[in-house]
Amino acid sequence: MAAQLRLTRRDLKAMALSLPGALFLLFFLFLPLVTIVIYSFWRSENYTMIADWNLDNYITLLTTRTYLTFIFRSLVMSLSVSFICLVYSWPVAYFIARYGGRYRLILVLLTAAPFFTGIILRVTAMQQILGPIGVLNMFLTNMGLAPLKLLMYTNYATALGLVYLWIPFMVLAIYLSLLTFDFKLLDAAMINGAGPLRAFIEVTWPLNWIGTCIGLALVFIPTFAATITPKFLGGVNGALYGNILAHQFGATGTWALGSAMGVVLFAISSLFVYIIFKTVNLNRAGYTGKLDGE
Amino acid sequence: MQTSAHALELVEVEKQFGPVRAVDNVSFSVEKGEFFALLGPSGSGKTTLLRIIAGLESAGKGSVHIGGRDVTRKPPYARGIGMVFQDFLLFPHKTVGENISFPLKMKKMPAARQKEQLDWVLELVRMKGFEDRFPNQLSGGQKQRVALARGLVARPDILLLDEPLANLDRELRKEMEVEMRRFQAEIDIPFVYVTHNQEEALTLSNRVAVMKDGRFEQVGDKLELYEAPATAFVASFLGLNNTIVGQVTAQEGGLSTIDWKGIRLPVPTPEGVGVGDSVQYYLRSEKMHIGPLEDTPEGADATRLAARLRDIIFKGQYSDYFVIVENGEEMVISDVPDIKGITIGDQVAVSWLPEDGFAFAAKGDR
Ligand SMILES: Nc1ncnc2c1ncn2[C@@H]1O[C@H](COP(=O)(O)OP(=O)(O)O)[C@@H](O)[C@H]1O
Ligand SMILES: [Mg+2]
């Protein structure tokens, strides 16, 4: 027994190397999560937390119409934004990966260029374009046309802003996947009777499904938690789940309820990621390692 | 139309990649049931030519006809061609069965017929029982068989093969060469087989085209190419050769005497070559003989040189003898092993008949 417990130098080295990662997970994921989970079962009163274990926060959340509406709204928003990003990013990533040649890296970095300015600036820029006195509507009114009401402080404006914000992630995820994709497989498909669309459906899409899933997760998660974009572009009536959540930690001081909302947010995002990756069958995604039992 | 008779016909096909003329004015035809080999060194344009036939590359000029139909403007999926790629290009996310049935599925063949065809081709390539495996669970030789099966399953009008054995090890290559001939004989589909390996081309095919710098050097029956090469390149590319370069010092009858770094040799006179011109002379190692210096077994016409035996490489039915002749040059002779007890370091005699070698006017002389 004692002999089995003795650590070799190699074990120690491996442990030392895993330490930064483990600490990161501990301090930035595990501890905050545990704290929030604990708080979500407490009660807040006059801006203080009271350790009085109960399920009231969850009951409130899941039975109050308003909260459910916000969950639903954010869900629809996240799914739509993910879908739009997906449809838009595929051709962009495909073009860069296949025809970008030696400019590939520059082109990909360009799609991420707006990120260099920070989120607030980007969203403000969108506001400048879409808002009532924004470039778009000024142009329309100057032309003697009616301003586009659809894009003035509405969820559509928020969706547009979020798509603009997260598209680079989706492009990058699909692009990285396509980098390892052997485009010559399309020659094999075409020779064997597949037209371009059929070849895409039969070969390109399934072999890049994992990368696409990563892109979907990278867009869905921040969209579901979005606060700044809906605040700036959605206006008063365009609030989403993230805004309500932030509200609990601000004006109302209902931290316990806010924590429960955070847990629900985490759960929904996790569920989405779980469902998406359930669709991945490593064999069907062209995973090239040997399988067990072979 | 005379085109309708050919399984495949190319007319004056050309392809330019920037400054490189990858295919340069190539015309040829392949008949039904023929095993046609395209032989050439790396970069000679073999793959490009095959891709033009397949429709994966557009021809800059000229036309491609399959079974009498002009398919020059047709996309690959409308040409009815099968193709086997050098790196197999199996779909990694599809099983062996799905990979092979892919062309049938694209044709929307009824499931029962698909099954029938699949069974037939699995039997042909001896891969029964592997239907449900994925490509990464196969050995190189098995992948090769699956690639062949996928190319053949829809019974294409023609099968194109781009160096299909180049990625296999030597043993497997020998085995697959035999298989390849068997498939082709059994199904009677013409094969156009690209290779840079002369042995493969000569073993497998009926007819061979030798390609160089995008052009056909010679097309013909493989024996004809081997026994009567039309150009110096073809002569040098086929067989194991001794290359001898020298200047003509005298001419008599059909023979010229050349001066090869101090050794005078008779060679057949190439067309248009006179005294003072330089000549390239290719001598196949298997046409030469080696023996102890004191022996004089050969006829009066034979050329005979004294030499020192440097090395013997035993090849089974024959051996390669490496000798140094009197001007210090090395020659290689393939002869029966164990000749009259000659050993490394011995003085030997090498001999051949002048007309067994091929002489050409050297390029760029005078
Ligand atoms: N897509 C391409 N772009 C530019 N040059 C090419 C391309 N494909 C082939 N080449 C050039 O054409 C020539 C013939 O190539 P290839 O057909 O691949 O020869 P082989 O198959 O006989 O080795 C080479 O010089 C090669 O560099
Ligand atoms: Mg090639």
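Quantities reported herein were computed from a predicted structural model and do not represent experimental measurements. Throughout, protein chains are lettered first and strands after them, A, B, ... in sequence-line order, and every chain is numbered starting at 1. Keep in mind that the numbers below use all heavy atoms, side chains included, and drop hydrogens, waters and symmetry copies.
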Novice: Counting only heavy atoms not in A/Tyr156, do more than 12 sit closer than 6.0 Å to its OH atom?
Specialist: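 Incorrect, the count does not exceed 12.
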
Novice: Against chain B, label A/Arg284 side chain, backbone, both or neither, depending on which of its atoms sit under 4.5 Å from a heavy atom there.
Specialist: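 Both the backbone and the side chain of A/Arg284 come within 4.5 Å of chain B.
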
Novice: Taking the side chain as C-beta and beyond, is there a heavy-atom pair between B/Lys105 and A/Arg198 under 4.5 Å?
Specialist: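 B/Lys105 vs A/Arg198: side chains touch.
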
Novice: Go through A/Pro196, A/Pro206, A/Gly195 and name the one with the most non-hydrogen pairs under 4.5 angstrom from chain B.
Specialist: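 Option with the top pair count is A/Gly195.
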
Novice: If you count the non-hydrogen atoms of other residues, nucleotides and ligands that lie under 6.0 Å from NZ in B/Lys108, is the total more than 12?
Specialist: no

Novice: Please report the closest heavy-atom contact between B/Arg150 and A/Ala188, naming both atoms and the distance.
Specialist: NH2-CB, 3.7 Å

Novice: How long is the gap from CZ on B/Phe134 to CG on A/Asn283, to the nearest 0.5 Å?
Specialist: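 B/Phe134 CZ to A/Asn283 CG: 4.0 Å, rounded to 0.5 Å.
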
Novice: Please report the shortest heavy-atom distance between B/Met106 and A/Gly193, naming the atom on each side.
Specialist: CB-O, 3.6 Å

Novice: Apply the test side-chain contact (heavy atoms from CB on, under 4.5 Å) to residues B/Arg51 and A/Asp187: give CA-CA distance (whole Å), side-chain angles for both, the deciding distance (0.1 Å), then the verdict.
Specialist: CA-CA 10 Å; B/Arg51 288 174 62 85; A/Asp187 286 349; 3.0 Å; yes

Novice: Provide the closest heavy-atom pair for B/Tyr77 versus A/Ala194 in the form atom of the first, atom of the second, distance.
Specialist: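 Closest approach of B/Tyr77 to A/Ala194, heavy atoms only: CD2-O, 3.4 Å.
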
Novice: So what's closer than 4.5 Å to chain A heavy atoms on B/Leu90: side chain, backbone, both or neither?
Specialist: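 It is the backbone, since no side chain atom gets that close.
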
Novice: If you count heavy atoms of other groups shown closer than 6.0 angstrom to CZ of A/Phe183, is the number above 12?
Specialist: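 More than 12 within 6.0 Å, yes.
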
Novice: Need one label for A/Ala189: side chain, backbone, both or neither, based on atoms under 4.5 Å from any heavy atom in chain B.
Specialist: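 Interface part for A/Ala189: both.
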
Novice: Select one option (side chain, backbone, both, neither) describing which atoms of A/Asp182 are under 4.5 Å from chain B's heavy atoms.
Specialist: side chain

Novice: Does A/Tyr88 have more than 12 heavy atoms from other residues, nucleotides or ligands lying within 6.0 Å of its OH?
Specialist: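 No - once you tally the heavy atoms of other residues, nucleotides and ligands closer than 6.0 Å, there are 12 at most.
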
Novice: Report which part of B/Leu56 has an atom under 4.5 Å of a heavy atom belonging to chain A: side chain, backbone, both, or neither.
Specialist: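 The answer is the side chain of B/Leu56.
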
Novice: B/Leu89 and A/Lys184: which non-hydrogen atoms are nearest, and at how many Å?
Specialist: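 That closest heavy-atom pairing would be CD1-O, 3.4 Å.
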
Novice: Counting N and O atoms only, with roles assigned by atom type, does the side chain of B/His93 sit under 3.5 Å from a partner on the main chain of A/Glu202, one being a donor and the other an acceptor?
Specialist: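 Here the side-chain-to-backbone pair exists.
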
Novice: For atom CZ of B/Phe17, is the number of surrounding heavy atoms from other residues, nucleotides or ligands below 6.0 Å larger than 12?
Specialist: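 Yes, enclosed.
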
Novice: More than 12 foreign heavy atoms under 6.0 Å from CD of B/Glu186: is that the case here?
Specialist: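 Atom CD in B/Glu186 is packed in, count exceeds 12.
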
Novice: So which atom in B/Phe91 and which in A/Leu185 form the shortest heavy-atom distance, rounded to 0.1 Å?
Specialist: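 Shortest heavy-atom separation between B/Phe91 and A/Leu185 comes out as CE2-O, 3.6 Å.
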
Novice: In terms of heavy-atom contacts, does CZ of B/Arg113 have more than 12 from other residues, nucleotides or ligands at under 6.0 Å?
Specialist: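 12 or below, so no.
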
Novice: Around A/Phe30, counting heavy atoms of other residues, nucleotides and ligands shown, do more than 12 lie under 6.0 Å from its CZ?
Specialist: no

Novice: Under a 4.5 Å heavy-atom cut-off, does chain A meet the side chain of B/Ala54, its backbone, both or neither?
Specialist: both

Novice: So what's closer than 4.5 Å to chain A heavy atoms on B/Glu57: side chain, backbone, both or neither?
Specialist: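 Contact with chain A is absent: no heavy atom of B/Glu57 under 4.5 Å.
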
